[in-house]
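The next block holds one structure in the form of structure tokens; read it before the comments.
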Amino acid sequence: MYNLLIVDDEPRIVSGLYEQFLDWKPEELNVYRAYSPLEALAILTGSKMDIVLTDIHMPGMSGIELQQKIHERWPRCKVIFLTGYSDFDYIQSAMRNGGMDYILKVEGDEPILAAVGRAIERLRDERVSDNLLQRAREQMQAAGPMLRKEYISGLLQGELSAKAVDRDRFEELQIPLSAAENVLLAVGRVDQWPDDLRPSDKSLLMYAIQNVSGEYMNTLRVLSIPANPSRLVWLIQPAAGDAGPGSVAETTGWEACAAFVHGTMSDIQDACRTTLKLPLSIAISSVCCPWPTAAAQYMRLEQLLQRGFGQDMEMLLSDAVPAPSSLSPEPACLTKQDIALRLKAVKQLEALLLGGQKDEFFVLYEDIAETARTLQIFPAFQPFLVELEYAFASLFLSYMNQWGLLEAVTVSREAGTLLHRGAFVSWAETEEYYRELSCRLFALRTGEQQDRTQKILTMVNQYIEQHLAEDLSLDKLANHVYLHPTYLSRLYRQMTGTRLSDRIKDLRLKKAKELLAAPRLKIHEVSASVGFESAHYFTKVFKKELHMTPQEYRDHCCTEQS
């Protein structure tokens, strides 16, 4: 959908072109018209224009002056000049000021239609032009550190699934690691900042720590990101080729890498203390881990730093832990960190529910439910199940309260089931209840969207039928249903398979046929009563659609009635 404005002080020219473009099939156009530059400026103030067809010579303001004002408001607008003068100086000035094309009025309609077609092609090309893509690449490169931090933080916080670990994504973000290999994690914490330090200095010193660690570990592939103002995370892999999956050197490469990191972190601590005057504690993974388990590994290291030892300053810790006691059995496939991440994943369920992402919601829901089914056979983990049940209740209550759905949902279910803990006999019953509730909420959401859409379409159709003799511009219809004109046009076509302008034309012709069947009104009165610009345009459209003129149709009706 493109917006086209026709500007000329000769009403005959404006009306003729307006009628031409209303029926233009190559593209759906929202056509505006103005009979003076001032009227054009009033339209341009409130509506974005993609293309303007304007006369060069008009009273009060020339087309060239109008063009300058157009570009102040809508710099991407394509201006095509109409002129009855073959004055080379005017044309040169128009083109220098950014005019796209010029057409002599004596050339007729076809060159004008062709010029508008070229303008649309230019607009379409600009949307995917190399310059725009290059600018986007440059901006992305400038924002690279922030984007890398957001992406890695999402992985480590368990907010991104294992599918998000993708080679193409790593290359796009220029992450110097392999998505196909394991990764070794370390977490650093600045134990104490100088009292007189400004907030901006903290960022500078964190960057300095990254530089120090980068110098010491420059023989490895390392990515370091600040996790918060006092935390730094290192993600480490052996040098390229040392630990490729299936390679002969894979085991020794990782062993050498882990040994090097463990031995070097104390040097990094010393350098930070002596050079930067900062005490730094570090927790290091004892072994590398696959990317899907990196979030649990990160949480384990964070917990290790939080527990602490001794003076809780300049600690150097490893997450190596003794084998679990047989007195407190745990599920072999899960750690407490895994369970905590599953509980955090309930927040992701909320985002998927709000976004209407049904398939993704139930994939994650099943993952969480599977964890719960594993936990229920271990008495020591019952508190986690209680926490999970409360998290579900909070999630669904918050969503239903926000969208006013509690009453609709509890029509078929006891409200107490959701509002009171202890209503479920087993986890299986809990899981099934919330699965059914999720299905119900998605169904309500889909139904409400369909109802709202149908209501809008009905309002538009009714307004058209009740105001056939009036202006039925896209702007007016969009204002009636409080939607953006472009979106209304797209929505109407998507839901009905018909262009809105075609629907208006069909209803006007249908009403015209009714009026023509009764010879009470003259042809030009019928034309005006159904909203056509002129009897000439009415006859043209009528004949094109019904293959006969209005008078021929009237005669045919009279013959049948007699």
Side-chain angles (χ1 to χ4, degrees), residues 1-6 11 14-35 43 46-51 53 109 113 116 120 452-518 521-550 553-554:
M1 167 68 73
Y2 295 94
N3 290 342
L4 168 69
L5 173 62
I6 303 164
V14 173
S15 298
L17 289 173
Y18 181 79
E19 292 170 0
Q20 285 276 8
F21 284 110
L22 282 179
D23 278 342
W24 206 51
K25 292 300 181 185
E27 288 286 345
E28 188 170 3
L29 294 173
N30 188 22
V31 188
Y32 299 76
R33 53 192 167 169
Y35 300 100
I43 294 172
S47 300
K48 184 200 81 168
M49 285 300 137
D50 300 298
I51 305 165
L53 274 169
D109 293 339
L113 297 174
V116 171
I120 289 173
R452 284 197 299 271
T453 301
Q454 192 55 52
K455 184 178 179 181
I456 286 172
L457 296 180
T458 300
M459 289 173 65
V460 169
N461 287 333
Q462 287 178 346
Y463 187 87
I464 293 171
E465 291 172 2
Q466 294 166 7
H467 300 82
L468 283 176
E470 302 174 18
D471 170 32
L472 290 175
S473 67
L474 183 57
D475 284 351
K476 179 167 283 190
L477 293 173
N479 287 337
H480 181 63
V481 291
Y482 306 103
L483 290 179
H484 190 281
T486 301
Y487 179 63
L488 173 60
S489 174
R490 186 166 63 242
L491 178 67
Y492 195 93
R493 188 166 189 175
Q494 177 186 348
M495 300 307 298
T496 67
T498 304
R499 299 199 312 184
L500 191 50
S501 57
D502 289 339
R503 174 65 174 168
I504 294 170
K505 180 179 65 179
D506 290 345
L507 288 173
R508 281 175 164 161
L509 290 175
K510 180 183 176 182
K511 183 64 175 178
K513 287 161 62 179
E514 294 175 7
L515 296 174
L516 288 168
L521 297 177
K522 296 178 181 179
I523 300 295
H524 73 273
E525 292 173 332
V526 172
S527 169
S529 65
V530 294
F532 281 92
E533 289 294 312
S534 65
H536 170 75
Y537 180 53
F538 171 56
T539 300
K540 176 184 172 183
V541 173
F542 197 96
K543 185 173 184 179
K544 182 179 179 182
E545 298 296 325
L546 281 83
H547 308 293
M548 62 179 73
T549 66
Y553 180 83
R554 168 167 279 175

Could you check whether any side-chain N or O of Ser489 sits under 3.5 Å from a backbone N or O of Thr486, counting only pairs where one atom can act as donor and the other as acceptor?
no

If we only count heavy atoms from C-beta on, is the Val541 to Lys505 side-chain gap below 4.5 Å?
yes

List the atom of Ser534, the atom of Ser527, and the distance in Å for their closest heavy-atom pair.
O-OG, 3.3 Å

Can you tell me how the ring of Phe542 sits relative to the ring of Tyr553, calling it parallel under 30°, perpendicular over 60° and tilted otherwise?
perpendicular

Do Pro11 and Tyr18 have side chains that get closer than 4.5 Å, going by heavy atoms?
no

Report the distance from atom CZ of Arg493 to atom OG of Ser501, rounding to the nearest 0.5 Å.
8.5 Å

Can you tell if the side chain of Arg490 reaches within under 4.5 Å of the side chain of Met1, non-hydrogen atoms only?
no

Return the CG to CG distance between Leu22 and Asn30, rounded to the nearest 0.5 Å.
9.5 Å

Minimal heavy-atom distance between Ile43 and Ala34, with the atoms involved, is CD1-CB, 4.1 Å

Testing Thr453, Thr498, Asn461 for side chain to side chain donor-acceptor pair (under 3.5 Å) with Tyr492, which one passes?
Asn461

Minimum heavy-atom distance Leu477-Leu488, with the two atoms named
C-CD2, 3.8 Å

In terms of heavy-atom contacts, Asp109 and Gln20 come closest through OD2-NE2, 2.7 Å

Donor-acceptor contact present, side-chain Thr539 to main-chain Ala535, <3.5 Å
yes

So Met495 and Ile456, side-chain contact (heavy atoms from CB on, under 4.5 Å) or not? Walk me through it.
CA-CA 11 Å; Met495 300 307 298; Ile456 286 172; over 6 Å; no

With a 4.5 Å heavy-atom cut-off, do Ile523 and Leu516 have their side chains touching?
yes

Let me confirm one number: the CD1-CG distance from Ile504 to Leu472, rounded to the nearest 0.5 Å.
5.0 Å

Under 4.0 Å between a side-chain nitrogen and a carboxylate oxygen: does that hold for Arg508 and Glu545?
no

Are more than 12 heavy atoms, taken from residues, nucleotides or ligands other than His536, located less than 6.0 Å from that residue's NE2 atom?
no

Inter-residue atom distance Ile464.CD1 - Lys476.NZ, 0.5 Å rounding:
12.5 Å

Is the Phe21 ring parallel, tilted or perpendicular to the Trp24 ring (thresholds 30°, 60°)?
perpendicular

The reported gap from CG in Asp475 to NE2 in His480 (rounded to nearest 0.5 angstrom) is 14.5 Å

Verdict with supporting geometry, Leu474 and Val31, side-chain contact (heavy atoms from CB on, under 4.5 Å):
CA-CA 9 Å; Leu474 183 57; Val31 188; over 6 Å; no

What is the distance from atom CG of Leu509 to atom CZ of Phe538, rounded to the nearest 0.5 Å?
7.0 Å

For Asp50, does its backbone N or O pair with a side-chain atom of Asn3 as donor and acceptor, under 3.5 Å?
no

Arg554 and Leu515 have their tightest heavy-atom pair at NH2-O, 3.6 Å

